[in-house]
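These notes concern the structure reproduced below.
Whatever order the structure lists them in is the order used to number ligands and atoms, beginning at 1. Along the sequence shown, the residues carry numbers beginning at 1.
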Amino acid sequence: MSGNARQPAQSGIGSQPSGQRRFDVAVLGAGAAGMMCAAVAGQQGASVVLVDHATRIAEKIRISGGGRCNFTNLHAGPGNYLSANPHFSRSALARYTPQDFLALMRRHGIGWHEKHRGQLFCNDSAEDVIEMLKAECGAGGVQWRTGCTVESVGRAGDDFVLDTSAGPVRAGALVVASGGLSIPKIGATDLGYRIARQFGLRIVETRPALVPLTFHGDDWKPFAPLAGVSMEVDIATGAGREAGAFREDLLWTHRGLSGPAVLQISSYWKPGAALTVDLFGGEDAAEWLLARKVDSRKQLANLLAARMPARLADAWCEASGLDATRPVHDLPDKALRRLGEALNRWRLVPSGTEGYRKAEVTLGGVDTRDLSSATMMARAVPGLYFIGEVVDVTGWLGGYNFQWAWASAVAAGQAVAENRRAVADRGVDGR
Ligand SMILES: Cc1cc2nc3c(=O)[nH]c(=O)nc-3n(C[C@H](O)[C@H](O)[C@H](O)COP(=O)(O)OP(=O)(O)OC[C@H]3O[C@@H](n4cnc5c(N)ncnc54)[C@H](O)[C@@H]3O)c2cc1C
């Protein structure tokens, strides 16, 4: 990015009076997508103002990945995203890849490592990513308006005018990067959806995703003592095009189930639907038990403990009405078959989710039918763009959401800068 950077103008972060200056682009939201977009547009010659109501910006980057920011995933592709239009993300993801983001990290000397299945984390701290994005904005001469609440958005001719707590901000283009609804206590609002509706764009219904699931107290009682137990499982829900299936770690908690397995499947789960969990990783558990019945003098729970945490093996025997201390060779085949089936197909119906308070992302959002997949611009409103989580593109757990934030931001940043150049070349006012 910063290779063709122009000299920074006033780029310090703070609440500066906007005066009457007109910007080429106003970016609403200084999170992952907003900062990236502002930097790209600024470095390609556009005058950019970045507006955020938070005084401490990019809080979601700061808390992500346990403070180390899982900033991308090497395998990110359209198949890792949920959207009413599964193809929408293809173009942006192909044009700005995880390797492009790694090249940027290298230029800033930020160390990283792969943790698990292509998930890349900072070696030191998520702050490194925030500082990198701030420096890139600086290199693009981006003007900051932080601690600046946007009350509403209006038009002045073809321009957009943000009515903010620091006075009006006028720009030829508006990029909405205000994120989703998750974690309101660190600044999430529905402003992006309201702006979309105001300009006639449709919204795909939103709901919390990548979120712990809850269970009715009575259903959960037998498993409550297992809080803290974790194991890799296959977890699935739904059918047909709406089905989700993952092999991930499942964590038992005091209130229900969590861990990557549940966070992943929560994005596919619909209220009232069941989850199926395979505790045997796809192997036929009944066959496994029957094969061991022949020569094993082990007690049932001890035998199962070869495949799962001992506390879970005990609780499972108890919940199935089987004597955990009974030697396996004493148990009837029928009982072992029933046990095996339950281990392969544990069926649970969650009562709900922990909601936006605990959700990592918001499913749904600005309907992609109303946006260009090449530029993120609203098809019917020239100059109005939506990027990042506010759009109906939601990634799996594992760095995919940040990759979408970067890729959609670069697509829009380049497009607004190109439009500005085209206008300048024609020597007319417009976009
Ligand atoms: C706990 C947690 C951990 C996560 N970990 C990861 C991870 O490791 N890897 C990953 O890929 N994803 C992770 N995510 C998801 C990821 O953080 C988001 O998908 C990503 O931040 C979205 O970027 P964005 O720029 O679209 O929105 P955001 O980063 O949410 O930025 C939106 C910005 O808009 C501002 N804003 C909102 N409303 C207004 C308003 N009315 N006026 C002015 N400003 C406003 C906000 O203050 C904010 O700065 C995590 C999320 C959470 C909550």
(request) Using distance alone, with no hydrogens and no angle criterion, decide if T146 and D52 have a side-chain donor and acceptor under 3.5 Å apart. (result) no
(message) Looking at L343, is its backbone amide N or carbonyl O close enough to the side chain of W316 to form a donor-acceptor pair, meaning the two atoms are under 3.5 Å apart?
(response) no
(request) Output yes when R379 and D370 qualify as a salt bridge under the 4.0 Å nitrogen-oxygen rule, no when they do not. (result) no
(request) Using only heavy-atom distances, determine whether the side chains of E131 and H108 contain a donor-acceptor pair under 3.5 Å. (result) no
(message) Using a 6.0 Å distance limit plus a 45 degree cone around the ring axis, check whether R155 lies over the aromatic ring of F160.
(response) yes
Pairs under 3.5 angstrom, nitrogen or oxygen on both sides, ligand 1 versus protein: list them out, please.
residue: ligand 1; atom: 8 (O); partner: G65; partner atom: N; Å: 3.2
residue: ligand 1; atom: 8 (O); partner: N70; partner atom: N; Å: 3.3
residue: ligand 1; atom: 9 (N); partner: N70; partner atom: O; Å: 2.9
residue: ligand 1; atom: 11 (O); partner: N401; partner atom: N; Å: 3.3
residue: ligand 1; atom: 11 (O); partner: F402; partner atom: N; Å: 2.8
residue: ligand 1; atom: 19 (O); partner: E389; partner atom: OE1; Å: 2.9
residue: ligand 1; atom: 25 (O); partner: A32; partner atom: N; Å: 3.2
residue: ligand 1; atom: 25 (O); partner: A33; partner atom: N; Å: 2.9
residue: ligand 1; atom: 26 (O); partner: E389; partner atom: N; Å: 2.9
residue: ligand 1; atom: 38 (N); partner: T189; partner atom: OG1; Å: 2.7
residue: ligand 1; atom: 41 (N); partner: T189; partner atom: OG1; Å: 3.2
residue: ligand 1; atom: 44 (N); partner: H53; partner atom: N; Å: 3.2
residue: ligand 1; atom: 47 (O); partner: D52; partner atom: OD1; Å: 2.7
residue: ligand 1; atom: 47 (O); partner: D52; partner atom: OD2; Å: 3.4
residue: ligand 1; atom: 47 (O); partner: H53; partner atom: NE2; Å: 3.3
residue: ligand 1; atom: 49 (O); partner: D52; partner atom: OD2; Å: 2.5

(request) Assess the pair W406 and F402: is the distance between their ring centroids shorter than 6.0 Å? (result) yes
